[in-house]
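Worksheet: the structure to be examined is printed underneath.
Throughout, numbering of the chain's residues begins at 1 and tracks the sequence. Given the structure is predicted, the values throughout are model-derived calculations rather than measurements.
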Amino acid sequence: MRNEPGADSAARTASSIRHPSSFGLDLPDYPWEAMRPYAATAAEHPGGAVNLSIGTPVDPTPEVIQEALRAAADAPGYPTVHGTLALREAVVEWFARRRGVTGLDEQAVMPTVGSKELVAWLPFLLGLGEGDVVVRPSVAYPTYDIGARLAGATAVAADSLDELDAGTLARVRLVWVNSPGNPTGAVRSADELRAVVDRARSLGAVVASDECYAELGWGAWDAQRGGEAVPSVLDPRVSGGDLMGLLSVYSLSKQSNLAGYRAAFVAGAPELMPNLVNSRKHAGMIMPFPVQEAMRVALGDDAHVLAQKDLYRARRERLLPALEAFGLTLSHSEAGLYLWCTAGEDTWTTVGRLAELGIVVGPGVFYGAAGSGFVRVALTGSDERIDAAVERLSAR
């Protein structure tokens with residue numbers, strides 16, 4: 001039986017069409033899905049679950065910021081990728097006032113739609129690709145690895161560039177610093193940051209510093225209690241007064257309860273910023289104008305930041321001894337929203353024991369092989385939920 005006219009052509013066309021499953025990015029499953037059974041166990045507790053696994057703010061967005069958002073709600077025109085001049089000036093003033101950074105020009109500042117998207121897309125925006133190496137901390141936020149993967153580059157875990165062999169060093173193009181760290185809460189001093197910067201510059205690599213927990217230092221890093229302020233990679237003690245090749249990434253999600261606004265910015269590297277701005281213009285990666293205004297106002301108001309820090313400090317001071325009474329040992333955790341702990345056993349064993357108490361925590365293995373045996377406990381619970389956790393932990 002002969003085919004109908006055009007049947008052969010149609011068959012060839014059909015055979016060339018890709019199956020839908022061949023589309024999409026080849027990325028690992030989102031790790032938090034593995035927590036479902038533990039969250040279900042915790043939910044069965046008579047007093048309800050206390051979820052201290054993800055660091056999402058639970059306290060209200062300060063009214064001064066809400067009012068700024070409302071006042072800017074009439075925004076019919078397109079916002080600018082580079083951000084308003086008033087916003088960029090507010091960022092420069094904030095760096096000088098809160099972070100000890102001088103010499104920053106408003107042209108070297110850009111708002112981002114939260115800091116996670118910048119972390120994920122920076123290697124791509126910098127033009128990195130196959131053969132290039134992105135260095136990230138040994139225990140780290142998974143998005144550093146995802147960003148390298150999206151660009152086709154290779155992520156390498158190391159806390160010092162001196163850990164790398166000569167062949168790997170020759171391919172390093174981007175070095176991520178996370179201080180204060182997530183999940184460990186570790187802080188790098190100005191001298192330690194300067195050593196990273198000097199070594200990276202000798203390789204011709206960019207240093208990007210994720211600093212979104214910088215206002216939440218404890219102990220020796222608690223500026224409100226006589227400690228030292230957490231240093232920025234743009235600090236003159238670190239940069240030597242030269243911001244070339246240095247990027248500070250910051251988010252207001254933690255200090256100002258603005259996770260829902262996606263309010264963040266990147267600053268520094270004046271030689272790179274024009275290209276970053278131009279690339280984001282082409283991609284339409286723009287912070288909405290009302291959010292730009294809300295962020296501008298938030299950066300100028302220190303009172304709400306200090307008030308929020310007081311809440312987290314009090315929760316930390318109640319939760320830490322209860323975790324220790326449960327048998328956990330604290331590691332680092334000198335800044336940030338998390339307590340990085342170990343019971344000297346498998347991570348999932350600890351996660352399961354806490355779930356039986358109705359407490360959900362973050363598994364350390366989500367942050368790299370070096371996180372094995374650890375759990376991350378967030379301070380982002382309401383006072384009532386933190387107190388419930390303290391009671392359960394202390395009753396054992």
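- Hydrophobic clustering, with ILVMFWY side chains joined whenever heavy atoms are under 4.5 angstrom apart, keeps Trp221 apart from Leu216.
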Practice prompt. Decide side-chain contact (heavy atoms from CB on, under 4.5 Å) for Leu193 and Asp235; before the verdict, give the C-alpha distance in whole Å, the side-chain angles of both, and the deciding distance to 0.1 Å.
Written response: CA-CA 10 Å; Leu193 287 173; Asp235 187 307; over 6 Å; no
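- Side-chain contact between Asn182 and Asn178 is present, with heavy atoms from C-beta onward closer than 4.5 Å.
- Ring geometry for Tyr213 versus Tyr338: interplanar angle over 60°, hence perpendicular rather than tilted (30 to 60°).
- Counting only N and O atoms by type, the side chains of Tyr250 and Asp210 include no donor and acceptor under 3.5 Å apart.
- Atoms CD and OG1, on Glu67 and Thr61 in that order, are 13.5 Å from each other to the nearest 0.5 Å.
- Side-chain contact between Leu393 and Leu319 is present, with heavy atoms from C-beta onward closer than 4.5 Å.
- Looking at heavy atoms from C-beta onward, Glu106 lies in side-chain contact with Leu85 at the 4.5 angstrom threshold.
- Looking only at atom types and distance, the side chain of Asp159 has a donor-acceptor partner in the side chain of Ser138 under 3.5 Å away.
- The two residues Arg315 and Gln308 have their closest heavy-atom pair at NH1-NE2, 4.3 Å.
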Item to complete: Please step through side chain to side chain donor-acceptor pair (under 3.5 Å) for the pair Tyr312 and Gln255, ending with a clear verdict.
Response: CA-CA 10 Å; Tyr312 285 134; Gln255 71 162 49; over 6 Å; no
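- Under the 4.5 Å side-chain heavy-atom criterion for grouping Ile, Leu, Val, Met, Phe, Trp and Tyr, Val360 is connected to Leu337 within one hydrophobic cluster.
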Discussion item. The test is side-chain contact (heavy atoms from CB on, under 4.5 Å); show your working for Thr347 and Val351 and say whether it passes.
Written reply: CA-CA 6 Å; Thr347 288; Val351 171; 4.2 Å; yes
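- Using a distance-only test at 3.5 Å, with no hydrogens or angles considered, no donor-acceptor pair links the side chain of Thr143 to the main chain of Ile146.
- Ion pairing between a basic and an acidic side chain is recognised when a charged N comes within 4.0 Å of a carboxylate O; Glu215 and Arg98 show such pairing.
- At least one side-chain heavy atom of Arg353 sits less than 4.5 Å from a side-chain heavy atom of Phe326.
- Considering only heavy atoms from C-beta on, Arg237 stays 4.5 Å or farther from Asp191 through its side chain.
- Counting heavy atoms from C-beta on, the side chains of Thr154 and Asp132 never come closer than 4.5 Å.
- Formation of a donor-acceptor pair under 3.5 Å by the Glu117 side chain with backbone atoms of Val113 is found in this model.
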Discussion item. Let's go through Arg70 and Glu63 carefully: what are the C-alpha distance in whole Å and the side-chain angles of both, what is the deciding distance for salt bridge (charged side-chain N to carboxylate O under 4.0 Å, His left out) to 0.1 Å, and is it a yes or a no?
Written reply: CA-CA 10 Å; Arg70 287 190 290 266; Glu63 181 58 34; 2.3 Å; yes
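- Smallest separation of non-hydrogen atoms from Ser382 and Val58: N-CG2, 3.7 Å.
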Fill in: Worked check of side-chain contact (heavy atoms from CB on, under 4.5 Å) between Tyr261 and Met295
CA-CA 9 Å; Tyr261 285 48; Met295 185 161 73; over 6 Å; no
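- One finds the CD atom of Glu89 at 10.0 Å from the CG atom of Asp105 (value rounded to the nearest 0.5 Å).
- Residues Leu122 and Phe265 fall into different hydrophobic clusters, defined by Ile, Leu, Val, Met, Phe, Trp and Tyr side chains chained together at heavy-atom separations under 4.5 Å.
- A donor-acceptor distance shorter than 3.5 angstrom exists from the side chain of Ser394 to the backbone of Val390, with no hydrogens or angles considered.
- Formation of a donor-acceptor pair under 3.5 Å by the Arg173 side chain with backbone atoms of Ala153 is not found in this model.
- Here the CZ atom belonging to Arg262 is positioned 8.5 Å from the OG1 atom belonging to Thr112, to the nearest 0.5 angstrom.
- No hydrogens or angles considered: a donor-acceptor pair under 3.5 Å links the side chains of Asn51 and Ser53.
- The NE2 atom of His82 sits 7.0 Å away from the CE atom of Met110 when rounded to the nearest 0.5 Å.
- Counted by atom type alone, Glu211 and Ser232 present one or more donor-acceptor pairs between their side chains at under 3.5 Å.
- Heavy atoms only, all atoms of each residue included: Gly83 and Gln292 are closest at CA-OE1, 3.2 Å.
- Under the 4.5 Å side-chain criterion, counting only non-hydrogen atoms from C-beta, Leu164 is in contact with Val135.
- Linking ILVMFWY residues whenever their side-chain heavy atoms come closer than 4.5 Å, directly or via other members, leaves Val187 and Tyr367 in distinct clusters.
- Nearest heavy-atom pair, Leu52 versus Ala389, reported as atom, atom and distance to 0.1 Å: CD1-CB, 4.3 Å.
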Worksheet item: Which is it for Leu128 and Leu174 under the side-chain contact (heavy atoms from CB on, under 4.5 Å) test, yes or no, and what are the steps along the way?
Response: CA-CA 9 Å; Leu128 273 58; Leu174 174 62; 3.9 Å; yes
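- Looking at heavy atoms from C-beta onward, Pro180 lies out of side-chain contact with Glu334 at the 4.5 angstrom threshold.
- Of the possible polar contacts, one joining the Lys254 side chain to the Gly55 backbone as a donor-acceptor pair under 3.5 Å is found.
- Atom CD of Glu317 sits in a crowded spot, with more than 12 heavy atoms from other residues, nucleotides or ligands closer than 6.0 Å.
- Between the side chain of Arg385 and the backbone N or O of Ala49 there is at least one donor-acceptor pair closer than 3.5 Å.
- At distances below 3.5 Å, not a single donor-acceptor pair connects side-chain atoms of Ser179 with backbone N or O atoms of Gly181.
- Looking at Ser251, its side chain never comes within 3.5 Å of a backbone N or O of Gly114 through a donor-acceptor pair.
- Once rounded to the nearest 0.5 Å, the distance linking CD1 of Ile65 with CG of Asp301 reads 7.0 Å.
- Panel note: side chain Arg201, backbone Met244; a donor-acceptor pair is recorded below 3.5 Å.
- When every heavy atom of Pro57 is checked against every heavy atom of Asn257, the shortest pair comes out as CB-OD1, 3.4 Å.
- Panel note: side chain Arg171, backbone Val133; no donor-acceptor pair is recorded below 3.5 Å.
- Here the CG-CG distance, from Leu246 to Leu272, works out to 9.5 Å after rounding to the nearest 0.5 Å.
- Taking the six-membered ring where the residue is Trp, the centroids of Trp348 and Tyr38 are separated by under 6.0 Å.
- A cation-pi contact links Lys309 to Trp218, judged by a cut-off of 6.0 Å to the six-membered ring centre and 45° from its axis.
- Heavy atoms of other residues, nucleotides or ligands lying less than 6.0 angstrom from CH2 of Trp121 number 12 at most.
- With 3.5 Å as the limit, one finds no donor-acceptor pair spanning the side chains of Asp242 and Ser239.
- Note on Val291: it clusters hydrophobically with Leu258, by side-chain heavy-atom contacts below 4.5 Å among ILVMFWY residues.
- Under a 4.0 Å N-O distance rule, the pair Arg149/Asp145 does not qualify as a salt bridge.
- Shortest non-hydrogen contact noted between Pro231 and Ser189 is CG-C, 3.9 Å.
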